[in-house]
Amino acid sequence: MSQTHTDVVVVGLGTMGSMAAWQLAERGVSVVGVEARGRVHSQGSFTGESRLFRVAAKEGVRYVPALVEARKMWLELGERVGKDLLLPVGALSVGAADRPEMIATLKAIQDFGLDHEVFTADELRERYPQFHVEDTDQGILDLGGGGLRPELTVASGLALAEEAGADLRFHTPVLSIETVDDGVVVHTESDSIHASHVVVAAGSWAARLNPELGRVVQAQPFLLTWFIPRHLEQFTPDVLPVFMRDLTTEDLGEIHIFGAPSLDGYALKVCPAAPVEELRGDVETLPTLLTPEQLTWLGERAVRVFPDLLPEPVHHSLHHDGVTPDSIPVLDRSEDGRVITLAGFSGNGFKFAPLWGRVAAELALDGNSEFWRQEYSLAAALEREEARG
């Protein structure tokens with residue numbers, strides 16, 4: 001079997017791998033990227049037309065500085081490739097003012113002085129008549145938010161990596177990663193690649209290359225659904241931001257919905273939280289379709305939030321991501337500095353993609369990064385898991 005020599009191998013060329021390969025190559029090192037599937041394939045965690053971008057992170061104010069930096073990088077990347085990777089339409093949160101999500105969003109805005117607008121229930125009805133609004137509701141528009149184009153982003157990152165000299169290899173599964181005295185060896189079905197460092201960005205498959213990751217990262221399905229509105233003109237990006245809606249009802253219980261304005265010209269992306277969330281395990285065992293009963297369940301909730309929608313999803317998909325118990329990602333650097341691991345983004349990673357790609361490059365080449373935190377290490381994640389029992 002032949003052996004290739006390079007400075008850095010990037011394993012996985014999806015969301016994080018494409019961003020890491022690009023930024024490593026542009027720093028002047030030789031890069032080989034390997035991907036088990038095709039270029040911008042349909043089984044990745046990034047698939048599904050759009051992703052929400054928010055600067056006002058309800059997940060915790062510790063993420064806000066990283067999101068501010070990520071937004072800057074998104075705009076620069078889009079300008080460079082000549083594509084609208086970030087649509088700056090804002091991100092609207094709607095819910096009762098005393099809900100924890102709304103309180104956390106306002107705290108992030110206030111702590112960091114973020115651009116925003118706040119709406120009363122009556123103001124919401126006037127500004128966004130698409131929504132069903134309760135008298136106790138409040139709206140918070142994060143003006144730094146918007147919609148991201150994931151497939152375009154991955155394609156753009158890979159193109160920039162190749163322009164900078166990266167050798168990208170598709171349909172090349174990795175069998176194992178071996179640490180040796182002078183670096184690492186990545187074994188594939190066709191050859192072995194010797195490098196000083198390896199960045200492992202294998203997404204939902206990460207634990208297959210590092211079983212220890214399986215103690216804190218498991219694959220989980222995430223549901224995406226699209227509905228046809230009767231009045232499409234009310235749901236286009238010029239009048240509707242990306243959105244998150246939380247609502248307590250007597251007949252349907254708790255409703256949590258997120259989505260984006262119509263980008264395909266006929267359907268609205270409306271994604272109710274669904275029972276599939278509790279399914280976790282190996283990525284190959286996860287479901288790929290919903291039952292008719294589940295689709296009806298989803299439609300009832302979508303129409304409660306947006307009465308203008310036809311009640312049956314016009315199409316849906318179940319994609320997946322690696323999740324951690326506390327939703328804190330794993331951005332790890334091994335003790336010898338040879339192996340950088342990015343995993344467990346819990347459905348929240350895409351908005352950080354160009355920044356986490358930069359962090360991976362900095363961890364590999366510089367040994368540290370301004371935006372890396374000790375809590376992101378695998379050791380810290382394992383300690384938290386042990387403490388949970």
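Computed from a predicted structure; not experimentally measured.
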With side chains defined as the heavy atoms from C-beta onward, is the minimum distance between [X] and [Y] less than 4.5 Å?
X: Thr296; Y: Leu298; value: no
X: Asp246; Y: Val94; value: no
X: Leu87; Y: Arg149; value: yes
X: Asp111; Y: Val64; value: no
X: Ile177; Y: Asn210; value: no
X: Leu143; Y: Glu117; value: yes
X: Leu160; Y: Leu77; value: yes
X: Arg245; Y: Ile255; value: no

Side chains of [X] and [Y]: is there a donor and an acceptor less than 3.5 Å apart?
X: Ser30; Y: Thr6; result: yes
X: Ser50; Y: Lys269; result: yes
X: Glu49; Y: Trp226; result: yes
X: Asp122; Y: Thr120; result: no
X: Asp191; Y: Thr4; result: yes

### Task
Compute the ring centroids of Phe243 and Phe235, then answer whether they are less than 6.0 Å apart.
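Ring centroids of Phe243 and Phe235 are no less than 6.0 Å from each other.
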
#### Entry: Proximity of Phe352 and Phe345 rings by center, below 6.0 Å
no

Heavy-atom closest pair, residues [X] and [Y]:
X: His41; Y: Thr47; value: O-CG2, 3.5 Å
X: Arg230; Y: Leu309; value: NH1-O, 3.1 Å
X: Leu232; Y: Ala267; value: CD1-N, 4.5 Å
X: Val174; Y: Val11; value: CG2-CG1, 3.8 Å

Can [Y] be reached from [X] by stepping across I, L, V, M, F, W or Y side chains whose heavy atoms are under 4.5 Å apart?
X: Val305; Y: Phe227; result: yes
X: Leu355; Y: Met16; result: yes
X: Val8; Y: Trp356; result: yes
X: Leu92; Y: Leu67; result: no
X: Val32; Y: Val185; result: no

### Task
Step by step, work out the side-chain contact (heavy atoms from CB on, under 4.5 Å) result for Val118 and Gln138.
CA-CA 7 Å; Val118 176; Gln138 179 185 63; 3.7 Å; yes

### Message
Between Arg169 and Ile193, is the side-chain contact (heavy atoms from CB on, under 4.5 Å) condition met? List the steps.
### Response
CA-CA 12 Å; Arg169 306 176 184 181; Ile193 309 167; 3.8 Å; yes

For [X], does the [atom1] atom sit with more than 12 other heavy atoms under 6.0 Å from it, leaving out its own atoms?
X: Glu335; atom1: CD; value: no
X: Asp181; atom1: CG; value: no
X: Glu123; atom1: CD; value: yes
X: Asp7; atom1: CG; value: yes

### Task
Take Asn348 and Ser346 through the test side-chain hydrogen bond (donor to acceptor under 3.5 Å, both in side chains) and record every step on the way to the result.
CA-CA 5 Å; Asn348 292 314; Ser346 303; 5.8 Å; no

Between the side chain of [X] and the main-chain N/O of [Y], is any donor-acceptor distance below 3.5 Å?
X: Asp366; Y: Asn368; value: no
X: His316; Y: Leu290; value: yes
X: Arg71; Y: Gly144; value: yes

### Message
Test side-chain hydrogen bond (donor to acceptor under 3.5 Å, both in side chains) on Trp297 and Glu293; report intermediate values, then the result.
### Response
CA-CA 6 Å; Trp297 186 95; Glu293 292 76 18; over 6 Å; no

### Evaluation steps, side-chain contact (heavy atoms from CB on, under 4.5 Å), between Phe131 and Leu240
CA-CA 10 Å; Phe131 286 90; Leu240 183 68; 3.9 Å; yes

### Query
To the nearest 0.5 Å, what is the distance between CZ (Arg39) and CZ (Phe170)?
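Rounded to the nearest 0.5 Å, the CZ-CZ separation comes to 4.0 Å.
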
### Task
Determine the sole option in Leu52, Leu223, Leu224 for which the side-chain contact (heavy atoms from CB on, under 4.5 Å) test with Cys271 is passed.
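It is Leu224; the other options fail the test.
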
### Query
Among Leu158, Val40, Val154, Val34, whose side-chain contact (heavy atoms from CB on, under 4.5 Å) with Leu13 holds?
Leu158

### Message
One pair to check against salt bridge (Lys or Arg N to Asp or Glu O under 4.0 Å): Glu26 and Arg80. What are the steps and the verdict?
### Response
CA-CA 14 Å; Glu26 289 208 336; Arg80 179 167 174 181; 2.3 Å; yes

#### Entry: Residue pairs fulfilling side chain to side chain donor-acceptor pair (under 3.5 Å) with at least one residue in residues 369-380, sequence neighbours excluded
Arg62-Glu375, Glu362-Ser369, Arg373-Glu375, Gln374-Ser377

### Task
Decide salt bridge (Lys or Arg N to Asp or Glu O under 4.0 Å) for Lys351 and Glu59; before the verdict, give the C-alpha distance in whole Å, the side-chain angles of both, and the deciding distance to 0.1 Å.
CA-CA 13 Å; Lys351 61 180 69 70; Glu59 295 81 8; 5.2 Å; no

### Task
Check the pair Arg125 / Asp135 against salt bridge (Lys or Arg N to Asp or Glu O under 4.0 Å), numbers first and verdict last.
CA-CA 10 Å; Arg125 293 184 181 106; Asp135 290 340; 2.7 Å; yes

### Query
Please walk me through it: do Ser204 and His320 pass side-chain hydrogen bond (donor to acceptor under 3.5 Å, both in side chains)?
CA-CA 7 Å; Ser204 300; His320 48 77; 2.8 Å; yes

### Message
If you apply the rule salt bridge (Lys or Arg N to Asp or Glu O under 4.0 Å), what do you find for Arg99 with Glu254, and how did you get there?
### Response
CA-CA 12 Å; Arg99 293 186 70 99; Glu254 286 291 321; 3.0 Å; yes

#### Entry: His132/Leu247 under side-chain contact (heavy atoms from CB on, under 4.5 Å): CA gap, chis, key distance, verdict
CA-CA 10 Å; His132 164 78; Leu247 177 66; 4.3 Å; yes

### Query
In a check of salt bridge (charged side-chain N to carboxylate O under 4.0 Å, His left out) between Arg215 and each of Glu383, Glu385, Glu386, which one passes?
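The passing option is Glu386.
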
### Query
ring pair (Phe, Tyr, Trp, His ring centres under 6.0 Å) with His5: which residues, sequence neighbours excluded?
His194

### Query
With Ser192, which of Glu178, Gln3, His187 fulfils side chain to side chain donor-acceptor pair (under 3.5 Å)?
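Of the listed options, the one satisfying the test is His187.
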
### Task
Sort and list the pairs that fulfil ring-ring contact (aromatic ring centres under 6.0 Å, His included) and have at least one residue in residues 97-126, not counting sequence neighbours.
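Residue pairs passing ring-ring contact (aromatic ring centres under 6.0 Å, His included), neighbours aside: Phe119-Tyr128.
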
